[in-house]
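In what follows, a single structure is set out as structure tokens and then discussed.
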Amino acid sequence: MLKVLLVNDTRKQVGKLRESLIQAGCDVVEEVSQALQIPRKVDALQPDVVIIDTESPSRDVLEQICVVSQDAPRPIVMVSDDGQASAIKAALSAGVSTYVVEGIDEGRLAAVLTVAQARFEADQSLKKQVKVAVNKLNERKDIERAKGVLMQLRGLSEDDAYHAMRKMAMDQNVRIADVAAKLLSVNKLLS
């Protein structure tokens, strides 16, 4: 059963949406009416999906979505009356997985939730891949800088500097990137 946190950022009642969610087999764990409560409720209730019903995404709501997306990411569906491209882009940039204009039809609710979860998983996978690539690039930069330090201090060739770091990594049973980071730290300390 999908746990849903329902956020009502409108002056209207969201009873029909709540009923549709329950009929679709979802567990509406709570309904929140203030944007500032979103991160705290997400942390406390650990919902599978957050659905935000709003007339137009306000700055407060978008800020709280950003907080959730950084601290406790999960699929977020925004249902809004505002179909302007700028509002949609702002919501997606804040971390909304799916943006639905003019309400969710009961027949489409399950599909909307499925799309939100799939898009969220794809985004999370992409973020992990980017993080891994950035870490590898940073490690490679550290290795290159550490080779430069060894070349300068010991008068080694580039190959000899790399082989010295590789031998040290093998002797200590650590990665060459770790040896490079330590070498750079010591060099910084002694400079």
Side-chain angles (χ1 to χ4, degrees), residues 2-3 5 7 35-52 57-78 84-99 112-191:
L2 201 62
K3 291 180 3 182
L5 173 63
V7 179
L36 293 174
Q37 293 179 322
I38 298 171
R40 187 169 45 83
K41 292 295 183 177
V42 165
D43 187 49
L45 301 170
Q46 296 293 308
D48 299 314
V49 178
V50 176
I51 297 179
I52 301 171
S58 68
R59 187 175 49 125
D60 288 343
V61 169
L62 295 175
E63 286 175 358
Q64 299 313 310
I65 291 171
C66 284
V67 170
V68 168
S69 294
Q70 289 175 352
D71 297 345
R74 58 206 356 96
I76 299 175
V77 176
M78 182 169 282
Q84 293 183 14
S86 60
I88 295 169
K89 286 178 185 177
L92 293 175
S93 293
V96 168
S97 305
T98 304
Y99 191 98
V112 167
L113 293 173
T114 300
V115 168
Q117 290 175 304
R119 172 124 194 269
F120 173 78
E121 289 169 10
D123 286 348
Q124 291 302 303
S125 175
L126 187 59
K127 285 178 183 178
K128 285 179 187 174
Q129 290 173 12
V130 167
K131 187 175 181 178
V132 167
V134 167
N135 285 341
K136 285 183 180 181
L137 180 61
N138 288 335
E139 287 177 352
R140 192 73 210 140
K141 287 179 182 179
D142 283 351
I143 291 169
E144 292 301 318
R145 285 198 310 259
K147 280 193 314 188
V149 167
L150 283 178
M151 290 165 61
Q152 184 180 22
L153 292 177
R154 289 189 163 174
L156 299 174
S157 70
E158 186 174 350
D159 271 352
D160 290 341
Y162 180 78
H163 289 297
M165 288 192 321
R166 194 172 106 206
K167 182 179 181 337
M168 187 180 293
M170 289 169 56
D171 290 347
Q172 295 177 7
N173 198 25
V174 295
R175 299 174 324 122
I176 194 166
D178 297 333
V179 169
K182 287 178 188 176
L183 181 64
L184 291 172
S185 292
V186 169
N187 186 54
K188 185 177 180 180
L189 181 67
L190 297 176
S191 296

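Side-chain contact between V61 and V7 is absent, with no heavy atoms from C-beta onward closer than 4.5 Å. Between K3 and L45 there is no side-chain heavy-atom pair separated by less than 4.5 Å. At a threshold of 4.5 Å between non-hydrogen side-chain atoms, the residues R119 and L92 count as touching. Two residues are said to be in side-chain contact when any heavy atoms from C-beta on lie closer than 4.5 Å; I65 and I52 meet this criterion. Contact annotation: the side chain of Q117 approaches that of L2 to within less than 4.5 Å [non-hydrogen atoms, C-beta and beyond]. In this structure, E158 and Y162 have side chains that are not in contact, with every pair of non-hydrogen atoms separated by 4.5 Å or more.
When the shell of 6.0 Å around CE of M151 is examined, it contains more than 12 heavy atoms from other residues, nucleotides or ligands.
Taking a cutoff of 4.0 Å between a charged side-chain nitrogen and a carboxylate oxygen, K136 and E139 do not qualify as a salt bridge.
Residues satisfying the salt bridge (Lys or Arg N to Asp or Glu O under 4.0 Å) test with D160, not counting sequence neighbours, are none. Checked against salt bridge (Lys or Arg N to Asp or Glu O under 4.0 Å), D171 has the following partners two or more places apart in sequence or in another chain: K167.
The main-chain N or O of E121 is never found under 3.5 Å from a side-chain atom of S125 such that the two would form a donor-acceptor pair.
Pairs of residues two or more places apart, or lying in two chains, that qualify as side-chain hydrogen bond (donor to acceptor under 3.5 Å, both in side chains) and include a residue from residues 38-50 are E30-K41, Q46-R74.
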Steps toward salt bridge (charged side-chain N to carboxylate O under 4.0 Å, His left out) verdict (K147, E144): CA-CA 5 Å; K147 280 193 314 188; E144 292 301 318; 3.2 Å; yes
